[in-house]
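Here's the structure, in structure tokens; my notes come after.
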There are 4 protein chains.
Amino acid sequence: MGSSSSPPDPSRRRESSRVAILDATLALCQEEGYASLSIEGIAARAGVGKQTIYRWWPSKGAVLLEALDRAASEAAAFPDTGDLVADMRVTLGDIAGFQADPGLGPPLAALIAEAQQDPSIAPMMLETFFGPRRAPILERLRSAQRRGEIDPELAVEPLLEVMLGALFHRLLLRSGPLDGDYVAYVVEVLFGGRAAARRTAG
Amino acid sequence: MGSSSSPPDPSRRRESSRVAILDATLALCQEEGYASLSIEGIAARAGVGKQTIYRWWPSKGAVLLEALDRAASEAAAFPDTGDLVADMRVTLGDIAGFQADPGLGPPLAALIAEAQQDPSIAPMMLETFFGPRRAPILERLRSAQRRGEIDPELAVEPLLEVMLGALFHRLLLRSGPLDGDYVAYVVEVLFGGRAAARRTAG
Amino acid sequence: MGSSSSPPDPSRRRESSRVAILDATLALCQEEGYASLSIEGIAARAGVGKQTIYRWWPSKGAVLLEALDRAASEAAAFPDTGDLVADMRVTLGDIAGFQADPGLGPPLAALIAEAQQDPSIAPMMLETFFGPRRAPILERLRSAQRRGEIDPELAVEPLLEVMLGALFHRLLLRSGPLDGDYVAYVVEVLFGGRAAARRTAG
Amino acid sequence: MGSSSSPPDPSRRRESSRVAILDATLALCQEEGYASLSIEGIAARAGVGKQTIYRWWPSKGAVLLEALDRAASEAAAFPDTGDLVADMRVTLGDIAGFQADPGLGPPLAALIAEAQQDPSIAPMMLETFFGPRRAPILERLRSAQRRGEIDPELAVEPLLEVMLGALFHRLLLRSGPLDGDYVAYVVEVLFGGRAAARRTAG
DNA sequence: TAATAAACGAGACGGTACGTCAAGTCTTCCA
DNA sequence: TGGAAGACTTGACGTACCGTCTCGTTTATTA
């Protein structure tokens, strides 16, 4: 018996097709929306056979993930001026700007959406896309702990989840604009203690 | 000439079909996942014609929204003991429990996902599903402001977005468990000021 | 148990609805063709409930049969001048004229077509529609036999079938025009002996 | 821009699917009748996707036409013994036998019926199905003219229409059996001059 | 410098679901 | 209580894509 097909040889892969597919995917997603994105449509737009897509990507979401990752390659700013509130405003502002970009936010939202249906997407997204982008922010939070700006006992990963979750709420539920005011609000509430219950006030 | 089709008369609607459709929708979504949920499948399971679904709901997502709303009718707890941190832990804990429920969380996540593709879902969801459930929490936050537990100048709607966004992050990205520890963390960070930059410490 | 429904009482039938249905049926058939004729469309055009049609007619074809019968009530000419060839030319010409009428031929063809699918139509058509119209022609053929114009041993019913079949060929297969030339040809070949093999010629 | 879809490439066509579709079509038509014949049913019975049918045939009738043409490929007898009446009896008898066959007559009748609703069927039928089958009969009639058996001035195409129309009458209206007696009658009346008005008798 | 083997474009295939239309049945309300 | 209105279940329509499977055609090493 044996397996009927061997895995493809990456060294023979045609780079021009790969790029054409990624470009077509992002363009179609931006123009028509993820809902009407189809493998057939991508193949036609890229001038590529469907099999070439199926050969190299496991799913439609994986193609979009790579396309988005490629498009978002410009590094965000991760300043460390010593002022945590100010630095976080800049960093979160960059991320909010990405999400508010009409060409990038919707594909990202679509990808998060797709992850709900396709269980292979969520881990791929966390590792490939979010992981590398979050690492410097976690590092900035840890440096803040070392300087005593934040309680050193606090786990910083969930802190990042809260910060980004706040942005996701607006990205996914469209409950308001993803602008500087909202970013400032989130930073103020988290790092400025603005919502802190004044339990010892009395 | 006149319009070719008139809207259906709700007084002639058959309640038994409506309930069968909602039950079938939620059951199928729980059993097979939203990805393989289809109007055809719902109709078959409910013993109903497809047209009956198309007649009364604009989209698959709208059916699921109503089905989920119906299933989640039991009121969550909104205590007001005077201890904001403790009360928020209870309330957020209830919501996290809902999202962690394997029969309710995935459909909710699917609905948020669907809202990314179908722009009519997001507002419907905010008004029908989230709105009524959030109102008592907002009221609790305002009562906290009146008692001086929270800065009275602070807008409370975005505060709720931050709290719920933190849960959404785990619901949608599966970055960790939606348990009491996480809820306690979020409440502590927001209302306990645990992450507050100690700018005046020196 | 017993049958759940009793046959309707014809004395309570509303004549205005019957006429509206027949008018709508023929009009729709002429305007849009039999293929797109539907009970729903007839009911809507006639301002009548669908049930009213189902109550009084067994099938769509039966409605059209009655509608066509009603529209074709003007008697054709059945002369008996003593000249069989001339008389048949007039009579067949009348029938060909009916079939060539763009408002009457296509519905008749559609009815013959429908009879192929609905076995109750063919006998109904022969009795209701064709029977009364053919009787005077048969009578004319018999009078020709009595006068010695036709072999008295010959059965005349099949003779009529041959004559009308010739017209049906052009009606149904559109193999040529249903005009006076064709009628003259048919009459000549049948009653003029134009195609007769000249076996005794020598 | 250019047309959005190109015609399919016949060289890539799968013959096994074509045959399965034709077999399924004729079988279903014989078993259940043309009225309940559906593209869905054919596809299911043939183990084929619906698109494969839509790709290669323009309509349900066209599929049946090809199926019937395939089933009726055995050549009929076209003798030329010199005796026109006898030869025509054989030839017409063969055709009547085909039409009287319970597996072939009804599909042929259904096709003629379908041609009334679908205007593309009639010419297709005349060219593909009837044309080749009629050619040798026309040739036989012309040879009869050359021998003086028939008036050489007579157009033979309409003569064929009259002969076959006679059969169609019985096929479509079920006014009597399509047997040898009827065939003999028709041949006698046309070529034997049995119905000829004896205008010069007196 | 061929030969050769893989990836490629193209697209037909068996399927599933779409959203629409009409069939015939059943129920409600009106005159 | 007959009839208009129309919601209901059923089932077929023709379309869009799915993911798989050949086809010839590049393309880029290996012989």
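Residue numbers start from 1 in every chain, and the chains themselves are labelled A, B, ... in the order their sequence lines are given, proteins ahead of strands.
- Using a 4.0 Å cut-off between charged side-chain N and carboxylate O, B/R45 and B/E31 make a salt bridge.
- As judged by a 4.0 angstrom heavy-atom cut-off over every strand, D/S38 is placed among residues touching the sugar-phosphate backbone only.
- For the pair C/R18 CZ and F/dG3 C1', the interatomic distance rounds to 17 Å; values are reported in whole Å.
- For A/S17 and E/dA7, the shortest distance from a side-chain N or O to OP1 or OP2 is not below 4.0 Å.
- Nucleic acid contact class of D/G41 (heavy atoms, under 4.0 Å, all strands): none.
- The CG atom of C/L111 sits 5.0 Å away from atom CG of C/L64, with the distance rounded to the nearest 0.5 Å.
- Phosphate proximity of E/dA12 to D/T52: absent, as no side-chain N or O sits under 4.0 Å from OP1 or OP2.
- Out of E/dA12, E/dC8, F/dA7, the shortest distance to the side chain of A/W56 is found at E/dC8.
- Heavy-atom nearest nucleotides on DNA chain E were determined for D/G47 and for C/I39, and the one closer to the 5' end corresponds to D/G47.
- The side chain of B/Y54 has E/dG19 as its nearest neighbour among E/dG19, E/dG9, F/dC13.
- Cation-pi check for A/R12 over A/W56 is not met; the charged atom does not lie both under 6.0 angstrom from the ring centroid and within 45 degrees of its normal.
- Taking atom CG of A/D9 as the reference point, atom P of E/dC8 lies 10 Å away to the nearest angstrom.
- Contact annotation: C/W57 side-chain N/O to E/dG24 OP1/OP2 distance is not under 4.0 Å.
- Here C/R14 lies in heavy-atom contact (under 4.0 Å) with sugar-phosphate atoms only.
- Side chain of C/Q30 to main chain of C/G103: a donor-acceptor pair is present (N/O by atom type, distance under 3.5 Å, no hydrogens or angles).
- Two residues, D/L37 and B/A46, neighbour DNA chain F, and the one matched to the more 5' nucleotide by heavy-atom proximity is B/A46.
- The CD-P distance, from A/E40 to E/dC18, rounds to 18 Å in whole Å.
- For A/K50 against E/dG9, no side-chain N or O and base N or O form a donor-acceptor pair under 3.5 Å.
- Rounding to whole angstrom units, CZ of residue A/R12 and C1' of E/dA6 are separated by 4 Å.
- One interatomic measurement links the two molecules: NZ of C/K60 to P of E/dA23, which rounds to 6 Å at whole-angstrom precision.
- At a threshold of 4.0 angstrom between heavy atoms, the contacts of C/R13 are confined to the sugar-phosphate backbone, with no base atom among them.
- If you measure from atom CD of D/E32 to atom C1' of F/dG11, you get 15 Å, rounded to the nearest angstrom.
- Closest to the side chain of B/Q51, from the set F/dT9, E/dT27, F/dC13, is F/dT9.
- Salt bridge annotation for B/R70-B/D23: present, with a cationic side-chain nitrogen under 4.0 angstrom from a carboxylate oxygen.
- Between A/R55 and E/dC8, a side-chain N or O to OP1/OP2 separation shorter than 4.0 Å is present.
- Counting only distance, with no hydrogens or angles, the side chain of D/E114 and the backbone of D/I121 share no donor-acceptor pair below 3.5 Å.
- Here the P atom of nucleotide F/dC13 and the CD1 atom of D/I53 are 9 Å apart, to the nearest Å.
- The CD1-C1' distance, from B/I21 to F/dA7, rounds to 12 Å in whole Å.
- Among the protein residues, B/S11 comes within range of no part of the nucleic acid, since none of its heavy atoms lies under 4.0 Å from any strand.
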